[in-house]
Each structure stands twice: as C-alpha cells, then as structure tokens.
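Taking it in order: structure first as structure tokens, then the write-up.
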2 protein chains.
Amino acid sequence: MSQERMVGPLDRSIGYTLKQAATAENVAMDSELRPLGLTVSQYSCLELLRQNPGTSNAELARGAFVTRQSMNEVLRGLQERGLVARADTVAQGRARPAELTPAGQSLVVEASRAVARVEQRMISSLSESDRGRLLGDLKSLIESLS
Amino acid sequence: MSQERMVGPLDRSIGYTLKQAATAENVAMDSELRPLGLTVSQYSCLELLRQNPGTSNAELARGAFVTRQSMNEVLRGLQERGLVARADTVAQGRARPAELTPAGQSLVVEASRAVARVEQRMISSLSESDRGRLLGDLKSLIESLS
DNA sequence: TGACTCATGTCAGTATCCTGACACATAATG
DNA sequence: CATTATGTGTCAGGATACTGACATGAGTCA
C-alpha cells in the first residue's frame with residue numbers, strides 16, 4: 001500500500017554527495033580561472049577546442065553539457081576577445097568549425113595547467129587503482145541514467 | 001622550463017566525468033520533477049525541510065549548495081504556493097525557521113519517491129560494496145578540495 | 001522530384017543564479 | 001559600555017543558462 005522508498009539521509013546518498021562534489025569542483029575551478037579572466041564555461045569551450053580543433057558549436061555544446069544557445073553566446077564572447085576564430089563561410093553543410101587563435105592557444109595552456117592542478121589536488125588522496133575504479137564507477141552511473 | 005602538466009584526454013579525467021555524471025543526474029531529476037511542478041532547487045529545499053523541519057533560509061542554502069539570495073527566492077515561491085510556512089516573527093535571533101505545510105508534506109513525499117527511483121536507477125549496476133566505496137571516494141574528493 | 005526527417009545556427013524571451021550592498025541580531029572583546 | 005566580528009534576511013542589478021521558435025543545409029524515401 002504505497003510503501004515506496006523515499007530519499008534517505010543525505011550524507012549517505014550518492015546522488016547528493018555527487019552534487020556536492022561537482023559543486024566543490026566548480027567552485028575550485030572558478031577561483032583558479034577567474035584571475036585569468038575566464039568562466040568555467042569559457043574554459044570548457046577553449047579546452048575542447050584545444051583537444052579537438054575545428055569542433056562546431058553544437059559539438060562544443062554537447063561536450064560542455066550545455067545547450068547550443070548557451071555555447072553560441074560563449075563562443076561569440078571568446079570570438080570578440082580574439083581567442084577563437086570561426087570561418088564565416090563554409091564549403092559543406094551548416095556547421096562552422098571553430099579554432100583557437102594564437103592568443104587563445106596561449107591562454108588555454110595557462111588555464112589548462114591551473115585546472116590540472118585542481119584535479120590533482122582533488123584526487124590527491126586516492127591511489128592509482130582508486131582513481132581507475134572511481135572513473136569506472138562514474139561512467140557506470142552515467143550509463144545507467146542514459 | 002614550464003613543463004607543467006595540462007588537462008589530459010577528457011574521457012580519462014575524473015573531473016570531467018564527475019561533471020558529466022552530475023549533469024546526467026540533474027537532467028534525470030528534472031524530468032521526473034517537472035511533472036510534479038517542481039524544479040530541482042525547489043525539490044532540494046523541500047527535501048531538506050522534510051528531513052530537517054525548522055531549518056532557516058541560510059541553512060537551506062548551504063544544504064542545497066546555492067547562495068542565501070537564491071534560496072530566499074525559492075523559499076518565497078514555495079511559500080506563495082502554500083507548500084512552505086515561515087514564521088514572520090521570531091522569539092530569538094534573526095533566523096526564521098521554515099516548515100512544510102500539509103500540502104508541501106504530501107508533495108515532497110511524491111517527489112522524494114520519484115528522486116529515490118532516479119538514484120536507484122543510477123546506482124543499479126553497482127554492488128553494495130561498490131556503493132559504499134564510491135560514496136567514500138566522493139567524500140574524499142570533497143575533503144581534498146575544502 | 002517532392003515530402004519528410006534530422007542536425008545546425010541563431011533570435012527572442014524567460015528563468016535562475018550570482019555578486020554587491022545594506023540593515024538587523026547576537027556574541028565576543030576592548 | 002562601546003566596538004568589533006559573525007551570521008542572517010533582503011533589495012537591486014547583472015550574468016548566465018534555459019525553453020521556444022524559425023530558417024537553413026543535407027540526407028532519406030515514396
């Protein structure tokens with residue numbers, strides 16, 4: 001008779017703790033990126049372009065887990081600052097590939113180092129095998145929700 | 001000579017995968033809560049009040065990982081909908097304790113069941129020991145960043 | 001060919017969350 | 001007692017991300 005389970009104590013909940021961890025990561029990244037004049041979203045865009053030059057706006061949006069509209073605005077801001085270049089005409093299709101300018105390239109290197117330090121600090125208390133296992137568990141969560 | 005490490009491939013990055021998992025969780029929760037007329041933030045507020053009646057706005061904000069200002073707005077919306085009640089005068093101090101109304105109580109029960117189903121689905125592929133270990137690892141990440 | 005589907009880019013409007021600022025209440029400290 | 005520090009509630013403004021909508025280009029299929 002409607003005896004369905006509800007959410008239990010939050011400090012025992014993986015979902016709640018997952019959100020807490022993601023928030024902590026976001027705060028830590030923000031405090032490192034702010035001095036470089038970048039938001040987390042802007043950095044995400046630049047990092048994706050660093051690792052995969054020529055990515056389109058829609059692909060960047062998926063990679064940063066935001067909508068096309070949001071990424072479009074991010075991309076436009078970076079373009080106005082001369083960090084990213086997009087071809088205004090394209091030979092095939094509708095997607096316009098984006099690339100880093102030299103200025104964007106050197107800035108993302110700085111930012112990427114700062115973020116790498118955050119990640120190293122974040123996982124500093126885990127062993128190498130812990131890290132591999134944790135990565136796999138997180139991917140399991142994602143897979144189960146998809 | 002500035003040989004500092006940058007962020008590696010994203011599918012090997014715990015930080016990136018953590019964000020991806022948190023986003024997937026948020027999307028799944030949103031799609032379950034939307035039919036009940038609740039946003040994730042509104043649900044978070046109600047769930048915190050369900051598990052800890054009489055919590056103040058500032059405490060709720062910390063528990064939901066948002067600012068006092070944001071939570072204040074959430075709380076006001078819930079109050080206007082008759083789901084939450086706050087004493088307008090208080091005997092001691094400045095904090096005004098909030099509580100669920102009967103309507104809020106029955107709605108949060110529905111919402112909490114829906115969210116519990118999401119969490120069960122999310123962790124369905126992990127064993128009991130996996131879950132305990134994952135929870136500990138996530139807490140380690142948080143602790144290392146604090 | 002023409003209709004349909006799908007992915008993309010973009011505009012407009014809205015919702016949500018943030019930072020900055022100020023006032024009030026309490027406790028600690030000189 | 002006065003001052004300071006800390007925690008709280010709230011107002012104002014701005015930044016960011018979202019939903020909805022529309023047009024464009026490419027592929028599919030009757």
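What's counted below: heavy atoms across the whole structure, side chains too, no hydrogens, waters or symmetry copies. In the text below, chain A, chain B and the rest are named by the order of the sequence lines, each starting its count at 1.
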By the 4.0 Å heavy-atom rule, please label Glu73(B) as base, sugar-phosphate, or nothing. nothing
Under 3.5 Å, is there any donor-acceptor pair linking the side chain of Arg94(B) to the base of dG7(D)? no
Determine the contact category for Arg76(B): base if any of its heavy atoms lies under 4.0 Å from a base atom, sugar-phosphate if only primed atoms, P, OP1 or OP2 are that close, otherwise nothing. sugar-phosphate
Round to a whole Å and report the spacing from CG of Asp30(A) to P of dC18(C). 11 Å
With a 6.0 Å cut-off (strictly less than), is the heavy-atom count around CZ of Arg121(A), excluding the residue itself, greater than 12? yes
Qualifying residue for side chain to side chain contact (heavy atoms under 4.5 Å, CB included) with Leu83(A), from Leu78(A), Leu75(A), Leu49(A): Leu78(A)
Counting just side-chain N and O atoms, does Asn72(B) come under 4.0 Å of either OP1 or OP2 of dT10(D)? yes
Answer yes when Arg50(A) and Glu47(A) have at least one side-chain N-carboxylate O distance shorter than 4.0 Å, and no when they do not. yes
Testing dT8(C), dT19(C), dC18(D) for proximity to the side chain of Thr67(B), the answer is dT19(C)
With a 4.0 Å limit, can you tell me whether Arg62(B) has a side-chain N or O closer than that to the phosphate oxygens OP1/OP2 of dT8(D)? yes
Measure the distance from CG on Asp88(B) to P on dG9(D) and round it to the nearest whole Å. 14 Å
Assess whether atom CZ of Arg34(A) is packed by more than 12 heavy atoms of other residues, nucleotides or ligands within 6.0 Å. no
With heavy atoms under 4.0 Å as the rule, sort Arg86(A) into base, sugar-phosphate or nothing. sugar-phosphate
Tell me which of Ser56(A) and Gln92(B) sits closer to the 5' end of DNA chain C, going by the nucleotide each one is nearest to. Ser56(A)
For dT16(D), take OP1 and OP2 only and decide whether either is under 4.0 Å from a side-chain N or O of Ser70(A). no
Between Thr39(B) and Pro97(A), name the one whose nearest nucleotide on DNA chain C is closer to the 5' end. Pro97(A)
Please determine if a side-chain N or O atom of Gln69(B) lies less than 4.0 Å away from the OP1 or OP2 oxygen of dC11(D). no
Asp130(A) bridged to Arg133(B) by N-O distance under 4.0 Å: no
Please report, rounded to the nearest Å, how far the P atom of dC24(C) is from the CZ atom of Arg96(B). 15 Å
Would you kindly give the CZ-to-P distance between Phe65(A) and dC18(D), to the nearest whole Å? 12 Å
So, under a plain 3.5 Å distance rule, would you say the side chain of Glu59(B) forms a donor-acceptor pair with the base of dG7(D)? no
Expressed in angstrom and rounded to an integer, what is the separation of Asn57(B) atom CG from dC17(C) atom P? 13 Å
Could you state the CG-P distance from Leu60(B) to dC17(C), rounded to the nearest angstrom? 14 Å
Result for 5'-nearest mapping on DNA chain D, choosing between Gly93(A) and Arg68(A), is Arg68(A)
When rounded to whole Å, the CG to P distance for the pair Leu38(B) and dT16(C) reads 11 Å
